[in-house]
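Right, one structure below, let's go through it.
Side-chain atoms are counted along with the backbone in the values below, which use heavy atoms only and exclude waters and symmetry mates. If you read the sequence from its start, that first residue is 1, and numbering goes on from there. Start at 1 and go down the list; that is how both ligands and their atoms are numbered.
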Amino acid sequence: MTVDTLTLRLSANIAHLREHQSSCNWSLRELFAADPNRAQNFCLKAPGIVLDFSKNLIRQDTLVQLLEYAREARISEKIDALFSGANVNSTEHRPALHSALRFKGVPQTAHEQAVAECRSCMQKFVEQIHNGNWRGFSGKCIRHIVNIGIGGSDLGPRMVVAALRPWLHQSVNVHFVSNLDGSDLTDTLEHLPPESTLFIVASKSFSTLETRQNAISARQWMRNAGCSKDQLARHFVAVSSNPTAAQDFGIAAENIFPMWDWVGGRYSLWSAIGLPIALACGFDTYQALLTGAEAMDKHFAKTPLQQNMPICLALMHFWYRQCWGAGSFAVLPYAQRLAQFPAWLQQLDMESLGKSVDTAGQHLSYPSGSVVWGGAGTNGQHSFYQLLHQGTDIIPVDFIAIKQASSPLDEQHKWLLASCLSQSRVLLQGRTLAEARRELERSGHTHKEVHNLAPHKVIPGNRPSNTLIVEKVDAYHLGALLALYEHKVFAFSCLLNINPFDQWSVELGKLCAEQIYNAADGGIPTDWDSSTAQLIQLLFKQ
Ligand code: F6P
């Protein structure tokens with residue numbers, strides 16, 4: 001095994017960062033009191049987004065050390081490698097060129113040429129559906145699109161379509177089915193008319209169990225409704241980098257939109273995997289999404305490290321992960337239309353950073369990715385925020401505030417923003433024992449009551465958060481936001497010196513499911529663990 005000396009150096013640098021952390025004997029309250037310009041000093045701008053990272057447990061010298069660490073990790077070199085199409089996915093010997101999917105103008109490279117051709121096919125298809133020229137088996141227009149896909153072939157388009165609701169095209173309804181649980185498909189199809197329904201089978205590999213089974217059941221549903229084998233071409237299209245498997249399934253060659261091995265599943269919404277977005281919201285809206293992402297690509301590729309927003313977000317997260325024992329990280333968009341954003345981010349972050357070895361295969365001596373979770377504010381305030389404020393763990397938070405209201409209810413929007421800011425302020429300030437006592441005394445509690453109650457009312461504070469301000473939830477800003485987090489995750493992988501573009505454990509799970517499926521009908525191998533054997537017995541054989 002090759003020894004990657006970079007990992008060894010990084011490990012030593014993390015030890016230095018930890019030493020620095022152990023000397024952090026100040027509080028956020030003190031830092032804000034000492035520097036009236038702190039908010040302005042820790043604030044960055046990127047296309048359509050402002051980041052206030054002043055509520056982090058850092059001083060200028062911390063930032064200097066973190067930036068030095070990023071330089072040691074050769075981050076600029078790695079960003080160049082990403083954009084230039086080098087094989088940054090070292091275990092699969094591939095580039096990760098999702099940024100090439102968002103190019104504008106005249107294609108310059110073979111990748112861009114392929115993307116331009118695919119985009120033009122997508123556009124024609126969207127027009128045919130919208131103007132009613134694409135007809136189902138009985139001659140009726142298509143009114144319902146069902147996207148069958150999972151992971152990256154589902155989460156991105158699903159989240160974007162929900163976010164861009166005001167742009168929904170009147171002529172079609174787009175639905176998403178992902179789960180192997182058949183009720184996902186049957187519940188979706190329950191009220192849909194087969195003759196005006198079209199399925200997109202979205203699978204880069206075209207071998208994913210969930211997608212294959214749902215597609216088989218969907219095909220049967222269509223056949224049961226009187227659609228002949230030859231007419232299926234009017235009701236099934238595919239997006240895949242495996243056209244042979246898609247054709248073997250029965251999708252007509254001309255109905256297959258290409259994907260390429262240089263597009264990772266969790267980075268694929270910018271490819272034809274985004275077809276449901278274009279169908280739901282129109283091609284111009286889809287293009288605006290790409291434009292926003294492209295603007296963020298330029299920011300990431302060209303902005304110096306200290307003003308680079310994805311790098312800053314990665315460094316903050318890295319700081320808590322390596323030096324403060326933070327094992328989880330929450331993202332809290334104050335926007336109902338972004339309620340599915342955390343689920344999309346979860347796959348992006350956890351599938352990319354959930355690794356235990358460096359790029360050379362050496363075991364990491366420091367922690368890698370953490371748990372990413374979250375939900376829309378203000379709903380979370382009435383469920384899990386209690387743990388953020390008074391639990392024993394430090395959980396860094398990204399708040400996402402949207403400046404312009406997404407509804408005509410301006411008064412509610414003002415309250416929404418006030419709620420968002422209130423949470424980051426309470427995380428920062430907390431409430432000391434003395435303050436708790438004072439408040440109780442002022443409200444007329446007895447001495448004994450004050451004594452008993454005050455400790456429960458203490459809120460530790462000094463808990464870190466970022467606040468991102470996004471101008472509004474439209475395609476351009478959403479594109480920029482998604483690309484921001486894609487690049488943050490890549491930057492984080494550079495800090496760890498790992499490959500963020502593979503996901504080998506998923507393959508093992510798939511293989512194991514097949515073995516168990518076979519064991520359910522046949523014999524259970526005697527060398528299997530007794531728990532799995534017992535569960536097979538209980539579930540399938542009694
Ligand atoms: O979850 C693993 C994964 O490989 C993801 O990376 C991918 O987005 C998903 O499965 C779906 O894969 P496919 O598009 O090949 O069906």
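Within the structure, no pair that satisfies the side chain to side chain donor-acceptor pair (under 3.5 Å) test touches residues 508-517, not counting sequence neighbours.
Of all the atoms in ligand 1, the ones that sit under 4.0 Å from a non-hydrogen atom of T208 are 12 (O), 13 (P), 15 (O), 16 (O). Those atoms of ligand 1 with a heavy atom of G265 less than 4.0 angstrom away are 8 (O). The distance from ligand 1 to the heavy atoms of K204 drops below 4.0 Å at these ligand atoms: 13 (P), 14 (O), 15 (O).
Protein heavy atom closest to atom 11 (C) of ligand 1, with residue, atom name and distance, is I150 O, 3.2 Å. The protein heavy-atom contact nearest to atom 15 (O) of ligand 1 is S205 OG, 2.6 Å. At the top of the distance list for atom 2 (C) of ligand 1, counting protein heavy atoms only, stands E351 OE2, 3.2 Å.
Within the 4.5 Å cutoff, no side-chain heavy atoms of L97 are placed close to those of F103. Residues N147 and R158 are not in side-chain contact: their nearest non-hydrogen atoms beyond the backbone lie 4.5 Å or more apart. Side chains of C312 and L51 form a contact here, defined as non-hydrogen atoms less than 4.5 Å apart.
Taking the six-membered ring where the residue is Trp, F318 and Y69 present tilted rings, their angle falling between 30° and 60°.
Residue T211 places no N or O, backbone or side chain, under 3.5 Å from any N or O of ligand 1. Of the polar atoms of G152, at least one N or O is found under 3.5 Å from an N or O of ligand 1, judged by distance alone. Every N/O-N/O distance between K510 and ligand 1 stays at or above 3.5 Å.
Residue-ligand proximity: E210 is placed with every non-hydrogen atom at 4.0 Å or more from ligand 1.
A side chain to side chain donor-acceptor pair (under 3.5 Å) with R266 is found for exactly one of H98, Q347, E351, namely E351.
A salt bridge does not link D261 to K204: none of the charged side-chain nitrogens sits closer than 4.0 Å to a carboxylate oxygen.
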